[in-house]
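For reference, the structure discussed in these notes is given below.
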Protein chains: 2
Amino acid sequence: MRSFVAVVDAGRFQDAADDLSITQQAVSKRIAALERTLGVRLFTRTARGARLTVDGQAFLPHARDLLRAEERALASVRPGRRALRVDVIGRRLAPASVLGGFHRARPEVELDVVTLFDVGAAVEALASGSIDASFRAVDPSRLSGDIAAARVFDEPIQLLTGPGHPLADAASVTPADLAGHRIWMPGIVAGTEWAAYYDALAAAFGLGIEVTGPGFGTEPLLDTLAGSPSLATFVGELTRLVWPADQGLRRISVQDPTPVYPHSLIWRRGNPHAALGDLRDHLGTVRPGAGTWTPEWASAAA
Amino acid sequence: MRSFVAVVDAGRFQDAADDLSITQQAVSKRIAALERTLGVRLFTRTARGARLTVDGQAFLPHARDLLRAEERALASVRPGRRALRVDVIGRRLAPASVLGGFHRARPEVELDVVTLFDVGAAVEALASGSIDASFRAVDPSRLSGDIAAARVFDEPIQLLTGPGHPLADAASVTPADLAGHRIWMPGIVAGTEWAAYYDALAAAFGLGIEVTGPGFGTEPLLDTLAGSPSLATFVGELTRLVWPADQGLRRISVQDPTPVYPHSLIWRRGNPHAALGDLRDHLGTVRPGAGTWTPEWASAAA
DNA sequence: AGCGGCCACAACGTTCCGTTGTGCGGCTCG
DNA sequence: CGAGCCGCACAACGGAACGTTGTGGCCGCT
């Protein structure tokens with residue numbers, strides 16, 4: 001492929017061979033092999049060099065695309081001067097949406113999005129330089145000195161129920177209304193920030209939150225919820241859910257106070273990546289809104 | 001690269017090897033070689049299979065992009081069910097703009113843009129099926145029965161002069177005004193539709209059009225024009241020109257009548273490519289406008 | 001502690017690839 | 001019009017790369 005593009009740019013096999021630091025015969029064999037695998041002739045050979053056929057012209061932009069893709073792939077793991085690498089907690093959750101907004105606002109900034117296991121892994125990755133930023137809910141006072149955090153987005157939590165649930169037709173509910181109801185959050189791993197958040201939420205309002213059982217993905221969860229008259233779950237307002245057909249699921253806002261999930265951006269102080277500053281500028285910082293609730297630790301000073 | 005994606009999708013080297021129809025050891029060596037060339041570790045090897053590292057997660061979308069690019073490249077030359085392949089007469093000229101408009105309107109339609117030598121080559125390529133459509137100015141009556149044409153766009157011709165030209169400050173000129181002036185069109189190859197058009201234009205209004213000399217590209221032409229007090233040239237209204245700094249070049253509209261270049265779309269009757277119909281629908285057909293001039297042959301019936 | 005699953009290392013044969021040497025066809029210039 | 005040149009293709013050869021078989025080490029599970 002590289003030989004093909006080199007011949008197009010050079011116009012002659014010999015010149016392309018010089019560019020590639022191989023012999024003209026090797027280029028000839030590469031092009032012949034490429035033409036054989038594609039089943040079409042890419043060049044018309046003339047006495048003054050090689051000219052593209054129609055098929056070659058059509059193939060050329062795709063070949064260049066391929067080489068560009070290779071270049072980007074290599075750049076994505078090249079140490080130093082690589083794309084900004086950001087950890088988000090699930091691609092359907094709010095941080096991914098926020099990051100998508102940044103990408104639309106600044107499409108020229110190269111982004112690589114990854115997902116780590118938990119805050120600890122994220123902090124470790126930040127410290128080692130393998131990622132540049134992470135969206136997490138953290139207790140700022142527990143971060144070591146070289147890791148900085150900014151609370152960038154408070155996401156209201158909604159109640160998700162099936163149509164047969166007693167609260168299914170409520171326009172909104174208060175946290176106190178939920179006492180005595182079964183809140184089911186399968187797949188929450190103990191020790192993660194999710195578990196810490198829901199533990200605090202349960203303790204603050206006397207809720208019964210069941211974190212039992214491994215998660216089998218969202219689809220079975222939604223199926224179970226849709227058919228249950230007593231189970232409900234929490235879901236972030238910006239979480240993208242896709243349910244196959246309409247299962248009658250309801251998203252009910254929670255108010256007075258509204259529990260919000262405090263998404264923070266954390267990064268290593270002194271990280272010189274230019275795009276990191278752009279991202280921080282784009283996100284800004286939020287202060288806790290009136291009528292909202294977050295765990296104590298989310299409001300601690302850094 | 002394919003092995004990398006296969007391992008990610010399968011989760012285990014052995015399963016990926018089965019998908020690729022090679023042995024587990026071969027997959028192991030491929031991944032090891034890839035990690036060696038990239039200089040980073042892509043997987044963490046566990047007793048239950050292979051999990052992506054942070055670098056692996058960042059690399060993955062680029063690897064998929066690369067494979068998609070390869071797939072598109074192969075598809076661009078695969079006979080049958082390939083992207084719509086359209087011949088345009090120069091990428092800076094009006095047909096390329098029109099095609100760009102179609103692409104913006106119907107981004108899902110895959111397009112390959114090529115440029116052939118002249119109408120004859122285009123018709124031949126249409127007949128042989130190596131292209132699906134061509135933007136050209138043709139005499140419809142001279143096309144064979146299985147090639148169809150539709151006049152899709154009339155592009156007004158403008159006069160391009162340097163600041164020292166006698167007509168430089170005119171708001172507009174008539175073709176009759178140009179008699180006696182030197183019109184210079186280097187790079188026009190005799191026998192092409194361009195030559196036929198300007199020959200007809202010269203004959204109709206008694207103009208002196210010089211087609212001498214090979215074209216050395218647009219930049220030297222613009223340079224010469226900018227410095228000449230007597231030379232001028234014609235240029236299509238939609239032609240994209242880029243001049244380095246401001247050379248004082250003037251684009252002067254021609255009126256009473258306005259010579260227009262009759263771009264036609266030509267295609268082979270019976271070509272079943274679905275996107276060809278989409279393109280024809282998008283372009284529609286124009287009738288010669290009042291106050292315009294085209295060569296006789298452009299208005300002939302098919 | 002034993003076992004099974006999973007990946008890495010080693011040795012080997014084949015295939016592929018690049019190089020050197022040479023041939024063929026078309027353009028160009030005397 | 002023919003000699004010379006230029007540009008690409010074909011042939012033979014050596015080495016590198018790749019995939020296979022066989023085997024060992026590590027981890028988690030029973």
Side-chain angles (χ1 to χ4, degrees), chain A residues 1-57 59-60 63 66-67 70 74 117 121 189-191 213-214, chain B residues 1-57 59-60 63 66-67 70 74 117 121 189-190 214:
Chain A
M1 202 69 97
R2 220 183 307 279
S3 301
F4 169 71
V5 173
V7 170
V8 172
D9 291 340
R12 274 189 295 271
F13 280 35
Q14 180 61 63
D15 294 355
D18 293 343
D19 294 344
L20 299 168
S21 302
I22 57 177
T23 61
Q24 167 265 320
Q25 289 86 337
V27 174
S28 177
K29 281 174 77 169
R30 284 186 180 182
I31 300 298
L34 184 60
E35 290 178 329
R36 185 154 20 85
T37 60
L38 294 177
V40 298
R41 204 150 181 78
L42 296 173
F43 292 103
T44 56
R45 279 73 164 172
T46 75
R48 281 185 309 285
R51 291 169 49 86
L52 283 172
T53 62
V54 175
D55 287 311
Q57 285 190 45
F59 188 66
L60 176 58
L66 191 75
L67 296 184
E70 186 213 16
L74 293 179
F117 176 66
V189 178
Chain B
M1 203 69 97
R2 222 184 306 279
S3 301
F4 169 70
V5 173
V7 171
V8 172
D9 291 340
R12 273 189 296 270
F13 280 35
Q14 181 60 63
D15 294 356
D18 294 342
D19 293 345
L20 299 168
S21 302
I22 57 176
T23 61
Q24 168 266 320
Q25 288 86 337
V27 174
S28 176
K29 281 175 74 169
R30 283 186 180 181
I31 299 299
L34 185 59
E35 289 178 330
R36 183 154 23 84
T37 60
L38 293 178
V40 297
R41 205 149 181 77
L42 296 173
F43 292 103
T44 56
R45 279 72 164 173
T46 76
R48 283 186 308 286
R51 291 169 49 86
L52 283 172
T53 63
V54 175
D55 286 312
Q57 285 190 46
F59 188 66
L60 176 58
L66 191 76
L67 296 184
E70 185 212 16
L74 293 179
F117 177 66
V189 179

For this session: Give the rounded distance in Å between these two atoms: CG of Leu20(B) and C1' of dT20(D).
Result: 15 Å
Problem set entry | Side-chain N,O (Thr23(A)) to OP1/OP2 (dT19(C)) below 4.0 Å | yes
Exercise. Side-chain N or O of Arg30(B) less than 4.0 angstrom from OP1 or OP2 on dA17(D)?
Worked result: no
Seminar exercise, completed: Among the nucleotides dA9(D), dT20(D), dC6(C), whichever has the atom closest to the side chain of Ile22(B) is dT20(D)
Problem set entry | Spacing between Arg12(B) atom CZ and dA8(C) atom P, to the nearest angstrom | 15 Å
For this session: Measure from the side-chain heavy atoms of Arg48(B) and tell me the nearest of dG28(D), dG21(C), dG26(C).
Result: dG28(D)
Exercise. Mind checking whether Val27(B) and Thr23(B) have side chains closer than 4.5 Å, heavy atoms only?
Worked result: no
Exercise. Could you state the CD1-P distance from Ile31(B) to dC9(C), rounded to the nearest angstrom?
Worked result: 14 Å
Exercise. With a non-hydrogen cut-off below 4.0 angstrom, is Gln14(A) in contact with a base, only sugar-phosphate, or nothing?
Worked result: sugar-phosphate
Problem set entry | Flag side-chain contact, heavy atom, 4.5 Å: Arg2(A) against Glu70(A) | yes
For this session: Name the nucleic acid region contacted by Ala33(A), choosing base, sugar-phosphate or nothing; use a 4.0 angstrom heavy-atom cut-off, strictly under.
Result: nothing
Exercise. Can a side chain N or O of Arg45(A) be found less than 4.0 Å away from OP1 or OP2 on dA9(D)?
Worked result: yes
For this session: Report the distance from atom CG of Asp18(B) to atom P of dC6(C), rounded to the nearest whole Å.
Result: 11 Å
Problem set entry | Distance in angstrom units between Lys29(B) NZ and dC9(C) C1', rounded | 10 Å
Problem set entry | Interatomic distance where CD belongs to Gln24(B) and P belongs to dC18(D) [whole Å] | 17 Å
For this session: Figure out the CZ/C1' separation between Phe13(A) and dC10(D), and round it to whole Å.
Result: 14 Å
Exercise. Is the phosphate of dA9(D), meaning OP1 or OP2, less than 4.0 Å from a side-chain N or O of Ser28(A)?
Worked result: yes
